Structures are given as C-alpha cells and as structure tokens.
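Counting starts at 1 for both ligands and their atoms, following the listed order. What you are looking at is a predicted structure, and each value in this text was computed from that prediction instead of being measured. Scope of the values below: all heavy atoms of this structure, side chains included, with no hydrogens, waters or symmetry mates.
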Amino acid sequence: MIVTHTSKEISDIVSSFIGQEKSIGFVPTMGALHLGHLSLLERALNENDEVVLSIFVNPTQFNNAEDLEKYPRTFERDIDIVKQLSDRIVVFAPSVEDIYGHEPIATVFDYEGLETEMEGANRPGHFDGVGTIVKKLFEIVRPMRAYFGEKDFQQLQIIKKMVEKENFAIAIIGCPIYRELSGLAMSSRNERLTVEGKQKAAFIYNILQKTRDLFQNASIDECVDFVKKSFEDHSDFELEYFVIADENNLKTAVDKKENEKYRGFLVAHLEGVRLIDNVPMYEEVLMESLN
Ligand code: PAF
C-alpha cells in the first residue's frame, strides 16, 4: 500500500496507471473510516484495476468552524485499516495548502437548483465546498469510476450533476447506506456519540422505517406530522428537518404523484452531533445493507 501526501506524487502514480491502461476506482473520504467506507472500497476493488482513497477533511464544505474543528481525525488508524483490506489501494492524504494554496476558497457552482434544497438551505455554501474539492480531486486522480454512499443522497445527486455539467468521463456509483445492527447509518460523526448515544440514535432509522410504512396509505403532511410528533416526544433529540422529496430533483413533495420516486430525508441532533439519514419511500430498504 502506498501513502501519498502531495498532488504531484499521486498524479505521477495515476499517470503510470493510465499509461498501463489500468482502470482507476476512486473513493473520496474525509477519513475516520468505518465499515461504510470499507464497503465502497471493496466495491471499487472489485470493479477496477487500481483504487485511490483520498483522506482529506475539506475546510470549504464546513459552514461552522466548531464542526470543522471537532470532525474526527484518525489517520493512523485509517491507514492500519486500509493496510488490512488490500495492497491495491493508494492513499492520497494531502494538506490544505497542497489542495488550496494559501487560502481555502470554494468556487460557486450551479447545480440547477439541487443545491438549494435541504442541506443546501441548512448549510449555506456547503455544496460549493463539496463541488470544489470533488472537482479538484477528480482532476488530480482522473478515475474511471468514483464511489459515494447514499447516506449523503443529495451530495450524490449533486456530484452526478457536476460530472454531467463539467463533462467528466467518470461513472458516479451510488452505494447503499451501510448501517449498524441497530439500524443507525454509519458515519464518521458517530465517533462523537457516547455508547448510550449510539443506542439512542437507532431511533432515527426506526422512525424512518415507520414513516415509510405509513407513507403507503397516508398523505405527505400526515407523514411529516408523524415524524415531528415522534421527535417532540423524544427530548434527547433536536429535529433539524424532515422532508419527503422527489428523488430526482430533490424538491419537497406536497402531494404524491404516481410514478414519482420519493425519499424521506432527516437531520437530527443528539449529544451535539448532527446525524443525517434517508430512506426510499417506495420499497423495502435492502436488508443486505445491515451487517
Ligand atoms: O462525503 C464526504 O465524505 C465528503 O463530502 C467528500 C465527498 C469526501 C468531499 O469532501
């Protein structure tokens, strides 16, 4: 396994892979690796000759300085995990200066309205930061395929849009949410929860599943009210938002329309940690994604 820290180093390695006509799969992360990331890496290893994993806590996508500061950084542990997984993974862990020069600044992107919904409305500038870093990483790593988890479903749709608009020849592969046995969606942020908090956080998926069942025979308003009421009764949590939205344009749905695919999107805070999850409203969530 090779660990690189500069764009120049990784670029030289990637050039040699491309020269040998090897396919490159790319898994961008902010580190604090968990089983969800490993499932992306395993898929990338199965589908490509070589795999690049980036570990970079991207400052421009945090709209809250405290959130950036508290983001878990577990580099040594991450490297040990990757070593055990495969020797076919090249790690790219650059410094902020290497990526941004003196000042980390985000470019403003137009994702045709996808960026103004949900996370975009609640975290101003977040998707400009995501677009900026993902575009830079794509230009450096030059992958054939890139893998993203559906936990950040809006991010996934936005990256697909960016790739289309920038004419990148990269297949964006969305992978199912990887969950704890309790149902809690795996996330690097879960590291900041206490053991008790992790148990409590299972409530989020539990409510989302109940909402999906309710959705089959209830109106969208009734589903939203159900979630709000459930969280009001559970004072450990602060519900930031729950919306049912069209999966393609991410617009909040008011009425159900036939042949549209809807998803329920939720953000809640527990023990000062911001937890995000979503479920499709149109089918059973695959049990495969449970470990
Ligand atoms: O999903 C993430 O971990 C980040 O948003 C990403 C895609 C690595 C960009 O920093």
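- For atom 9 (C) of ligand 1, the nearest non-hydrogen atom of the protein is Gln61 OE1, 3.3 Å.
- Residue-level proximity to ligand 1 for Thr29 is carried by the backbone, the only part with a heavy atom below 4.0 angstrom.
- Between Glu271 and Lys198 there is no salt bridge, since no side-chain N of the basic residue sits under 4.0 Å from a carboxylate O of the acidic one.
- In this structure, Phe237 has its ring center at least 6.0 angstrom away from the ring center of His269.
- Using a 30° and 60° split on the angle between ring planes, Phe75 and His5 fall in the tilted class, from 30° to 60°.
- Ionic pairing of Lys256 and Glu260 is not present here: no N-O contact between side-chain nitrogen and carboxylate oxygen is shorter than 4.0 angstrom.
- Remark: ligand 1 and Gln155 share an N or O pair separated by less than 3.5 Å (distance only, no angle test).
- Figure legend: cation-pi geometry between Arg43 and Tyr147 absent, as NZ or CZ is not positioned both under 6.0 Å from the six-membered ring centre and within 45° of its axis.
- Numbered from 1 in the order shown, with element, the atoms of ligand 1 that lie under 4.0 Å from a heavy atom of Ile133 read 9 (C), 10 (O).
- Considering backbone and side-chain N/O atoms, Asn58 never comes within less than 3.5 Å of an N/O atom of ligand 1.
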